[in-house]
2 protein chains.
Amino acid sequence: MGDGDRVSQTERATRAVRALILSGEFPAGARLTEVSLSARLDLSRTPLRQAMERLISEGLLSRIPSGGCQVASFDLDDVNDAIELRGVLEGTVARLAAERGADPALMAEANGVLDAIDAAFSDDGKVDFDAYVPLNAAFHELVARMAGSALIEREVSRISQLPFASPSAFLRGQELVPGFLASLVCAQAQHRAILEAIAAREGARAEALAREHARLARKNFAFLQKAGPHLTTRIPGLSLVKSI
Amino acid sequence: MGDGDRVSQTERATRAVRALILSGEFPAGARLTEVSLSARLDLSRTPLRQAMERLISEGLLSRIPSGGCQVASFDLDDVNDAIELRGVLEGTVARLAAERGADPALMAEANGVLDAIDAAFSDDGKVDFDAYVPLNAAFHELVARMAGSALIEREVSRISQLPFASPSAFLRGQELVPGFLASLVCAQAQHRAILEAIAAREGARAEALAREHARLARKNFAFLQKAGPHLTTRIPGLSLVKSI
DNA sequence: TGACGCACGATTGTATACACTGTAGCCAAA
DNA sequence: TTTGGCTACAGTGTATACAATCGTGCGTCA
């Protein structure tokens, strides 16, 4: 059927185009046509077409009435809205997990991830960034499953697909921020508090905490704005955000 | 380019398959293959394939590892989760509208819709149901736009696409429910209160109201459960819900 | 000089042929 | 009787050819 460990052409096309968009090679508003892309990626139009369809539903592309697609363009409000929405969804998951009771195995796993994050902080005031980022992502994915609802989990991961709404969105690039270590310490404290609230069946607290936690991304984003436009090419997906 | 007022084959295929699923002709879990469907609908596989892709992203279909798709199957928890999620999203829109200030033109239009709903209630204790349902849908769509965020509006309409999560989901079929008129009166009171809270910039109240308002759908759904399985074929999409 | 119409090019929509893969069923051998 | 392998079939993945349509530019006529 064509999907052992060999990826399908459709999958290849999706990844390739997504990478080209996120890297900034296709800037916001750029027009993409099937034929030119199929020539560039050395694929036929059929899998490419499916790939574009997927990217449209991911929100990275949008249809042009006159035919073709263009790379999506977001403004500052869009970024903030996306982050807000992720906060709301993660907050809902946390609340439902608290109200319904979360799977103990998931809770244990999540606590284990937080222990690992703690271990990434060393005593000399440094942090192992390359360890932190995937652990942070793993924690958020675990939380997303705690409501026990595949439907809600899907929507959380959906919104997190947006390059600037993901929990890991603006972590890369924060290395140089003054006080970023303190920010990470606060984030980790919030992680702990969220699990604590879920365990204690404190739904309202869990929801509020998760929402506030997402707000950190806004802070990080605001910093990147001030830091200047030279970061546009370094942070994947930032090229899609206009007027930075 | 293929879309004047004549719909494309892809669009035709999408509607046809969606209708077949919602009508219950394809029951939950039924396996659908491209070839058999293309033969049945007298289309080639290409547009059909795209249609199935869309329905997958809508959540009505899901891929089978061994190839092909099957009609999605939902249980009671899924229905409640979807309704909960819509409540959360509409609540977020209402809160943001209150916090940011809603477009006066939208507010006026929404108030107009509510006046029209009032008019659908006649003095003799009856209600014009055929008028109520589309007006109710229109109100919810207007509210979804009030946060001024295309991104959030899209997610609201996305979740509302699920046949049992839409604001109009279980209205049809309620005609026979004892006390359904009272329920509609309460719903309308909530509509008014939501707009009032938005206008007064009472974000928390607007959010709580919108969430609670969505809960009415749960109540309606619970009634349909008790009413028995003979409604499965009458309410579109109810055939997807298992163990009813 | 302006406006209208025609034609061509660009681009997507659709159909179909072919290839590849996974699976089920059957037959033979131990 | 059971197990191994082989074969046939079902089904999707992909490529490509052809059709339909829209925009654009140029030419001509008033």
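A, B, ... follow the sequence lines: proteins, then strands. Residue 1 opens every chain.
- What separates CG of A/L37 from P of C/dA10 is a distance of 17 Å, to the nearest Å.
- Distance A/Q50 CD to C/dT14 P: 14 Å, rounded to the nearest Å.
- Residue B/D115 qualifies as enclosed at atom CG: its count of foreign heavy atoms under 6.0 Å is above 12.
- With respect to B/F170, the ring-ring contact (aromatic ring centres under 6.0 Å, His included) criterion is satisfied by exactly one of B/F223, B/F164, B/F221: B/F221.
- When distances are taken from the side chain of A/V35 to each of D/dG11, C/dT11, C/dA15, the shortest belongs to C/dT11.
- C/dT12 atom P lies 18 Å from atom CD of B/E11, rounded to whole Å.
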Where do N or O atoms of nucleotides 16-19 of chain C meet protein N or O atoms at under 3.5 Å, pair by pair?
unit_1, atom_1, unit_2, atom_2, d
C/dT16, O4, B/T46, OG1, 3.2

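- Straight-line distance from the CD atom of A/E53 to the P atom of C/dT14: 11 Å, rounded to whole Å.
- What separates CG of A/L61 from P of C/dT12 is a distance of 12 Å, to the nearest Å.
- Separation of atoms OG1 (B/T92) and CG (A/L89) is listed at 7.5 Å; rounding is to 0.5 Å.
- Taking atom CD on B/E34 and atom C1' on D/dA10, their separation rounds to 12 Å, with Å as the unit.
- Taking the charged nitrogens against the carboxylate oxygens, A/E25 and A/R40 do have a contact shorter than 4.0 Å, which makes a salt bridge.
- The nearest whole Å value for the distance from the CZ atom in A/R12 to the C1' atom in D/dT14 is 12 Å.
- Toward the 5′ end of DNA chain D lies the nearest nucleotide of B/S36, the other residue of the pair A/L43 and B/S36 mapping further downstream.
- Using cut-offs of 30° and 60° for the angle between ring planes, the A/F139 and A/H191 rings count as tilted.
- Atom CG of A/L32 and atom P of C/dT12 are 10 Å apart (whole Å).
- The closest side-chain heavy-atom distance from A/R54 to A/R18 is not below 4.5 Å.
- Expressed to the nearest 0.5 Å, how far CG of B/N220 lies from CD1 of B/I235 amounts to 10.0 Å.
- Across all strands shown, A/R31 has heavy atoms under 4.0 Å from sugar-phosphate atoms exclusively, and none from any base.
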